[in-house]
Amino acid sequence: MLSSAPSNTSISSVGSDASVLSINSNSNGNANSKKQQAQTNGSTSNGTSNNGNSANGGLSQKSLMKRRRVQQRMDAVKKKHRSSLKLSDWQRYNFVASYRERCAPIVSRVEALQRAFDERLAAAMAKTGGQWDGARLPFPCNYDARLPKEQHRLAGGLATITHAVSGVPRIHEDNVSLQEFIERFEKPGVPVVIDGCTRGWPAVEKWKIDVLKDGPYRDCFIKCGEDDDGYSVKVKLKTFMRYLRYNRDDSPLYVFDEHFDENPVSRSMLTDYTLPRYFRDDLLRLVGEKRRPPYRWFLIGPERSGSSLHIDPLNTSAWNTLLSGRKLWVLFKPEAARKIVKANNLKMPGEDGEAIMYFLNILPRLRELEEKKDQPDLGMIEFIQYPGETVFVPGGWWHAVLNLDDTIAVTQNFASCTNFHKVWVKARKSRKHMSRRWLHALAKDYPQLVKEAHALNKRDNFDFTFAAAPKPSKSNDGKDGKAGDSSSSSSSSSSSDSSSSSESDY
């Protein structure tokens with residue numbers, strides 16, 4: 001686990017159960033300044049990488065040697081990460097030459113779509129007297145299947161809209177309570193962009209691109225890929241920050257590090273931010289850090305890097321907070337068919353599955369088909385995320401991300417009381433032993449969720465029983481073999497519930 005200009009309006013709470021659409025200077029009133037800041041940071045941090053490295057003139061011999069060493073180290077990382085590729089394959093499409101030019105109309109179009117969405121949202125809320133009625137607002141996840149797909153249910157009657165209307169609600173943390181957030185967004189599964197979550201975060205200053213490369217974490221190793229056997233490939237943070245500035249790769253290496261908290265130094269990054277208040281209900285913590293699946297990542301995304309289309313594991317929901325740069329997002333509703341949204345049939349010869357290829361070449365073809373109504377509605381949402389904004393992605397939604405600029409972010413997946421039923425039906429099958437421990441841990445403080453889990457198992461005829469342990473055997477010397485059996489069982493359980501990893505450091 002990239003974006004368009006926020007509008008100047010957001011949803012502001014009035015009273016306990018009513019909301020009106022109002023100008024909110026705390027939330028998106030500074031949209032233009034955010035946009036300018038993000039674009040300035042992007043061009044400043046990555047200016048050299050997008051101008052052909054023609055700035056070698058004027059560099060000292062020492063600087064040139066340092067840059068060559070960085071290139072050699074990163075070339076070794078790339079060989080580890082993608083052993084089947086030649087180094088020249090990383091730049092075969094020469095996206096660096098035209099990337100910004102090709103992204104400009106995409107950004108303009110997504111900004112226009114967001115404005116159209118905001119107008120629809122304002123009109124819908126006006127018809128309800130300012131009250132929030134999520135089931136009757138123009139969200140792609142709330143199509144009425146009984147109606148023609150080009151029609152939405154809006155307050156006061158039906159209104160015909162086109163598939164080109166895309167966008168997300170944008171709120172400020174100060175104006176929506178936790179319970180309101182659950183009712184409006186988490187329960188119905190509505191993606192939303194939240195402003196205000198980063199106030200008071202030391203990360204706002206400490207994680208700036210120019211600070212990270214010389215700051216206290218510069219010598220920490222960070223994960224920027226995996227080798228053919230699934231083992232982490234790591235590099236020093238200061239080395240990657242130089243690669244971030246000078247690389248010319250089509251789809252650069254992307255720091256997506258779930259192990260940053262294991263280093264005694266970089267572990268202090270956990271104190272640089274706090275969990276947004278809407279996402280502190282983290283039920284998977286009950287199984288322990290070693291047993292739970294990976295769930296927390298520190299991200300450094302060079303311009304042109306990104307995440308290919310995917311659904312987050314175990315149907316968990318996610319939040320993603322951006323500190324620097326801009327991210328362009330595309331989401332598809334959970335019901336969308338994998339074959340259609342992946343769009344492998346729309347690839348031309350020579351095109352790969354990287355995020356940049358998907359956004360620049362494949363997604364426009366998919367969008368054209370949807371607008372012509374040549375396929376089932378996909379509930380496509382496109383938007384841009386700006387610095388200081390947090391994106392909420394409900395469990396089950398397809399999503400892909402492209403880094404429009406050099407970006408710094410943090411993201412976490414979570415299971416809450418609200419989405420427990422979705423996570424449970426996935427976890428009980430793919431992580432059976434962990435799920436058993438989870439159920440036992442939930443029994444003390446969340447007995448209602450345990451009942452819900454058993455009800456779901458009964459509904460689906462899911463057999464959540466475990467084979468009885470083998471009876472202890474007597475060894476030839478007459479000693480009880482129970483200890484040996486217990487050890488074997490523990491080892492088997494460990495291999496089922498957690499994965500070991502080794503690392504290659506550069």
Side-chain angles (χ1 to χ4, degrees), residues 1 3 6 10-11 13 24 26-28 30 34 37-38 170-182 184-186 191-209 211-212 215-217 220 222 237 255-289 292-301 312 316-325 327 385-395 401 407-419 445:
M1 6 267 60
S3 327
S10 71
I11 301 159
S13 178
N24 188 334
N26 290 333
S27 176
N28 294 320
N30 61 348
K34 276 188 179 183
Q37 175 191 354
R170 292 177 181 269
I171 64 172
H172 195 283
E173 189 182 43
D174 287 345
N175 299 325
V176 180
S177 70
L178 173 59
Q179 191 57 40
E180 288 170 331
F181 182 88
I182 292 173
R184 298 175 186 178
F185 303 107
E186 192 175 8
V192 62
V193 175
I194 310 160
D195 204 359
C197 297
T198 61
R199 286 173 304 176
W201 283 20
V204 172
E205 294 297 326
K206 294 175 69 174
W207 293 11
K208 287 182 176 178
I209 290 175
V211 175
L212 280 177
Y217 311 127
C220 296
I222 54 173
L237 177 59
V255 169
F256 220 91
D257 189 6
E258 71 269 31
H259 303 298
F260 72 92
D261 58 340
E262 296 177 1
N263 182 294
V265 177
S266 60
R267 181 170 178 79
S268 64
M269 296 175 75
L270 293 175
T271 65
D272 292 342
Y273 70 95
T274 56
L275 294 179
R277 66 190 182 107
Y278 302 132
F279 313 121
R280 294 173 184 170
D281 186 13
D282 181 16
L283 297 177
L284 283 170
R285 75 185 187 282
L286 297 174
V287 301
E289 289 292 316
R292 69 181 302 175
Y295 71 103
R296 177 172 56 205
W297 293 268
F298 169 60
L299 314 179
I300 305 178
D312 285 342
T316 52
S317 298
W319 60 267
N320 180 303
T321 298
L322 185 62
L323 281 305
S324 298
K327 290 178 178 284
Q385 179 188 14
Y386 284 90
E389 293 183 338
T390 298
V391 173
F392 167 62
V393 182
V401 182
T407 62
I408 307 291
V410 62
T411 184
Q412 289 193 197
N413 288 59
F414 65 94
S416 66
C417 291
T418 305
N419 71 349
D445 296 320

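Side chains included, hydrogens not; waters and symmetry mates left out as well; all remaining heavy atoms used.
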Practice task
I would like to know whether Ile194 and His172 meet side chain to side chain contact (heavy atoms under 4.5 Å, CB included); could you show each step before the answer?
Solution key: CA-CA 6 Å; Ile194 310 160; His172 195 283; over 6 Å; no

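- Under the 4.0 Å criterion applied to side-chain N and carboxylate O atoms, Asp195 and Arg170 are not assigned as salt-bridge partners.
- Taking the side chain to side chain contact (heavy atoms under 4.5 Å, CB included) definition, one finds that Glu205 meets it with Lys208, sequence neighbours left out.
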Handout entry: Leu286 vs Leu284, side chain to side chain contact (heavy atoms under 4.5 Å, CB included): CA-CA, chis, key distance, verdict
Key = CA-CA 5 Å; Leu286 297 174; Leu284 283 170; over 6 Å; no

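- Among Glu289, Gln412, Arg285, the single residue meeting the side chain to side chain donor-acceptor pair (under 3.5 Å) criterion with Tyr295 is Glu289.
- In this structure, OG on Ser268 lies 11.0 Å from CG on Asp261, to the nearest 0.5 angstrom.
- Side-chain atoms of Ser266 come within 3.5 Å of backbone atoms of Phe260 as a donor-acceptor pair (strictly under, hydrogens ignored).
- The side chain to side chain contact (heavy atoms under 4.5 Å, CB included) search around Val265 returns Tyr217, Cys220, Asn263, not counting sequence neighbours.
- For Pro216, the side chain to side chain contact (heavy atoms under 4.5 Å, CB included) test picks out no residue, with sequence neighbours left out.
- Between Leu275 and Phe414, every side-chain heavy-atom pair lies at or beyond the 4.5 Å cut-off.
- In this structure the side chain of Ile171 reaches within 4.5 angstrom of the side chain of Phe185, judged on heavy atoms.
- Residue Ser317 is tested with Asn413, Asp312, Asn419 for a side chain to side chain donor-acceptor pair (under 3.5 Å); the sole match is Asn419.
- Scanning all heavy atoms of the two residues, the minimum distance from Asp257 to Ile222 falls at OD2-CA, 3.5 Å.
- Annotation: salt bridge (charged side-chain N to carboxylate O under 4.0 Å, His left out) contacts of Arg199 (sequence neighbours excluded): Glu173, Asp174.
- For Asp282, the side-chain hydrogen bond (donor to acceptor under 3.5 Å, both in side chains) test picks out Arg292, with sequence neighbours left out.
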Exercise for the section: Apply side chain to side chain donor-acceptor pair (under 3.5 Å) to Thr274 and Trp201, showing your working. Expected result: CA-CA 7 Å; Thr274 56; Trp201 283 20; 3.2 Å; yes

Exercise for the section: Assess whether side chain to side chain donor-acceptor pair (under 3.5 Å) is satisfied between Trp207 and Asp272, documenting all intermediate values. Expected result: CA-CA 9 Å; Trp207 293 11; Asp272 292 342; 3.0 Å; yes

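- Residues Glu186 and Pro394 have side chains not in contact (no heavy-atom distance under 4.5 Å, counting atoms from C-beta outward).
- In this structure, OG on Ser324 lies 5.0 Å from CD1 on Ile209, to the nearest 0.5 angstrom.
- In terms of the ring pair (Phe, Tyr, Trp, His ring centres under 6.0 Å) criterion, residue partners of Phe392 (sequence neighbours excluded) are, by chain and number, Phe181, Phe279.
- Every residue was checked against the side-chain hydrogen bond (donor to acceptor under 3.5 Å, both in side chains) condition with Thr418, not counting sequence neighbours, and none meets it.
- With sequence neighbours excluded, the residues forming a side chain to side chain contact (heavy atoms under 4.5 Å, CB included) with Leu178 are Ile182, Tyr278, listed by chain and number.
- At distances below 3.5 Å, at least one donor-acceptor pair connects side-chain atoms of Thr407 with backbone N or O atoms of Gly301.
- The two residues Asn175 and Glu180 have their closest heavy-atom pair at O-OE1, 4.1 Å.
- Only one option out of Thr321, Val410, Thr198 pairs with Tyr273 in a side chain to side chain contact (heavy atoms under 4.5 Å, CB included); it is Val410.
- The nearest pair of heavy atoms linking Asn320 to Ala409 is OD1-CB, 3.9 Å.
- In this structure, Arg296 contributes its side chain and Glu258 its backbone to no donor-acceptor pair below 3.5 Å.
- A 4.5 Å side-chain heavy-atom check between Ile408 and Leu299 finds every atom pair outside the cut-off.
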